[in-house]
Amino acid sequence: MTKPSPNPGLLKISPYVQGQSQLDGIQNPIKLSSNESPLGPSPAAIKAYMEAANTLYRYPDGSQTALREALAERFDLDADKVICGNGSDELIQMLIRAYVARGDEVILSEYAFAMCRIHALAQGAEVITAPEPELVPNVDQILAKVSDKTRLVAIATPNNPAGRYLPASELQRLHDNLPGDIILLVDSAYADYVEKEDYDPGQTLAETTDNVVMTRTFSKLYGLSALRIGWAYASAEIIGMMQRIRTPFNTNAPAMAAACAAVLDRDHENKVRQANNKWLALMSERLTEMGLEVVPSVANFILMRFPETDSHNAGAAWKFLLSRGIIPRPVGAGGPENCLRITIGLDHENRAVLDALQDFMTGV
Ligand SMILES: *Cc1c(COP(=O)(O)O)cnc(C)c1O
């Protein structure tokens, strides 16, 4: 019998697995599996979202003008070189559709965004992984994989699940050593948390070169994961190509209204960053004292490695935390071994995590 066959690349794609959100028999579990912002969005964003309910019968502004201008104001960008998407997810899809075809090669740094793989495979491209032995994008590993067929290189900085960032000088070195016809995608979903002098989310290169694309999101620090809204910054030429394949109303009106308000609320932004970074430092210190190997994160989550013993490995810790009503993110096959990733939560949630892991490690 004959039947339709999909594009060959699709058969290599394994479905995305979302962070667990429920626990049998537990009313309000502490969900720390998806790097969502525990403080939620700016109150101004919620207000703007509610107000947008009054005009739901209207199509959204297909040119995304208000949001692009708000982003330009907040981040000192050229609004003409900004494009917004239904999550950074969609932006990456547009970019890959625009520049990667069957038979091309795409190099993904090991802990780049999982979505890059899906979209590249769907295009029929070959995906080549550049290892991150230090749990941070490794410029030499990436450069060693470049071939005549390479069309795009993707990194995440800070990356996920490690939460480490590539210093600006290394990002520059990566760019300087890549042929100019290869796109460098810098996924900076967690940029808004980083307070390091030598960090650049890719904005400088996106501003000044022809082949660097920075993607950002409202899903993390801005607390708008449900609305699916992200943005990209790149040369006018690349943005123009993405605009050609963008569906006219890809970002919806309530999402854009909320995002506009969110990005201009600097007080909320600072409050969220401060709360996160205070707990990030505190938890990293406490977890290290307990004997866990903590990766030095600059994002809103912590990756920790457990002892190798059956009683205290990551699998055992996973079960123990669930029994306490806490949901971390297991790092599955292909990720760093024997680790769990846990999002920074509210004060009482973080304390619950520390108490639980203290009990786990001391065997109570
Ligand atoms: C969460 C996350 C994003 C954001 O994706 P959206 O589609 O904008 O929600 C992007 N990259 C990485 C590495 C992430 O962890």
Side-chain angles (χ1 to χ4, degrees), residues 16-21 31-38 40-41 45 64 67 71 82-96 108-120 129-130 132 135-137 152-166 184-194 199 201-202 213-233 242 246 250-252 255-256 258-259 262-263 272 276 280 295 297-303 328-332 334-336 339-344:
Y16 179 78
V17 183
Q18 186 170 16
Q20 187 176 342
S21 61
K31 182 182 184 248
L32 301 172
S33 56
S34 297
N35 298 343
E36 295 148 338
S37 177
Q64 307 175 327
L67 180 53
L71 287 162
V82 176
I83 183 171
C84 305
N86 195 258
S88 18
D89 201 358
E90 190 202 17
L91 294 158
I92 292 167
Q93 180 181 29
M94 284 191 262
L95 179 70
I96 290 179
L108 298 189
S109 196
E110 190 171 4
Y111 303 119
F113 196 27
M115 288 301 149
C116 301
R117 172 178 305 277
I118 293 180
H119 299 309
T129 303
E132 297 189 12
L135 303 179
V136 67
L152 184 139
V153 168
I155 65 167
T157 173
N159 61 358
N160 178 4
R164 299 198 64 193
Y165 73 101
L166 192 64
L184 175 58
L185 167 60
V186 185
D187 171 5
S188 304
Y190 299 98
D192 305 296
Y193 293 102
V194 185
Y199 174 68
V213 180
M214 169 179 74
T215 55
R216 305 280 289 265
T217 186
F218 284 93
S219 299
K220 303 288 156 63
L221 180 132
Y222 291 101
L224 295 174
S225 316
L227 297 185
R228 312 303 307 123
I229 189 124
W231 55 282
Y233 194 54
M242 291 171 73
R246 181 174 70 85
N250 64 322
T251 48
N252 70 75
M256 288 194 286
V263 78
V272 174
N276 182 77
L280 183 67
V295 177
S297 170
V298 292
N300 69 337
F301 55 88
I302 292 176
L303 183 75
R329 177 89 164 188
V331 183
C339 290
L340 292 179
R341 188 194 76 190
I342 197 148
T343 309
I344 305 293

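Values below: all heavy atoms of this structure, side chains included; hydrogens, waters and symmetry mates excluded. Numbers here simply count residues along the sequence, with the first being 1. Counting convention: from 1, in listed order, for ligands and their atoms alike.
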Going by heavy atoms in the side chains, are L221 and N300 under 4.5 Å from each other? no
Determine whether N250 and Q64 satisfy the following criterion, side-chain hydrogen bond (donor to acceptor under 3.5 Å, both in side chains), listing intermediate values before the conclusion. CA-CA 10 Å; N250 64 322; Q64 307 175 327; 3.1 Å; yes
What part of D89 sits under 4.0 Å from ligand 1 if we count only heavy atoms: the side chain, the backbone, both or neither? both
Enumerate the atoms of ligand 1 whose separation from the nearest heavy atom of R228 is less than 4.0 angstrom. 6 (P), 7 (O), 9 (O)
Could you list which atoms of ligand 1 come closer than 4.0 Å to a heavy atom of S219? 6 (P), 8 (O), 9 (O)
How close do S109 and I155 get, counting heavy atoms only, and between which atoms? CB-CG2, 3.8 Å
Does Y190 reach ligand 1 with a nitrogen or oxygen that is under 3.5 Å from one of the ligand's nitrogen or oxygen atoms? yes
Where the closest heavy atom to atom 5 (O) of ligand 1 is concerned, which of S188, S88, A189 has it? S88
With a heavy-atom distance limit of 4.0 Å, tell me whether K220 approaches ligand 1 through its side chain, its backbone, both, or neither. side chain
S297 side chain vs A299 backbone, donor-acceptor pair below 3.5 Å: yes
Taking NZ, NE, NH1 and NH2 as the nitrogens, is one of them in E90 or R228 under 4.0 Å from a carboxylate oxygen of the other? no
Enumerate the atoms of ligand 1 whose separation from the nearest heavy atom of G87 is less than 4.0 angstrom. 7 (O), 8 (O)
Nearest non-hydrogen partners of V331 and R341, listed with the distance: CG2-N, 4.0 Å
Please classify the F218 to ligand 1 contact at 4.0 Å (heavy-atom distances, strictly less than): side chain, backbone, both or neither. neither
Please state which protein non-hydrogen atom is closest to atom 13 (C) of ligand 1 and give its distance, to 0.1 Å? D187 OD2, 3.4 Å
In this structure, which one of Y199, F301, Y165, Y222 forms a ring pair (Phe, Tyr, Trp, His ring centres under 6.0 Å) with Y190? F301
If you measure from each non-hydrogen atom of E90 to ligand 1, which part falls under 4.0 Å: side chain, backbone, both or neither? neither
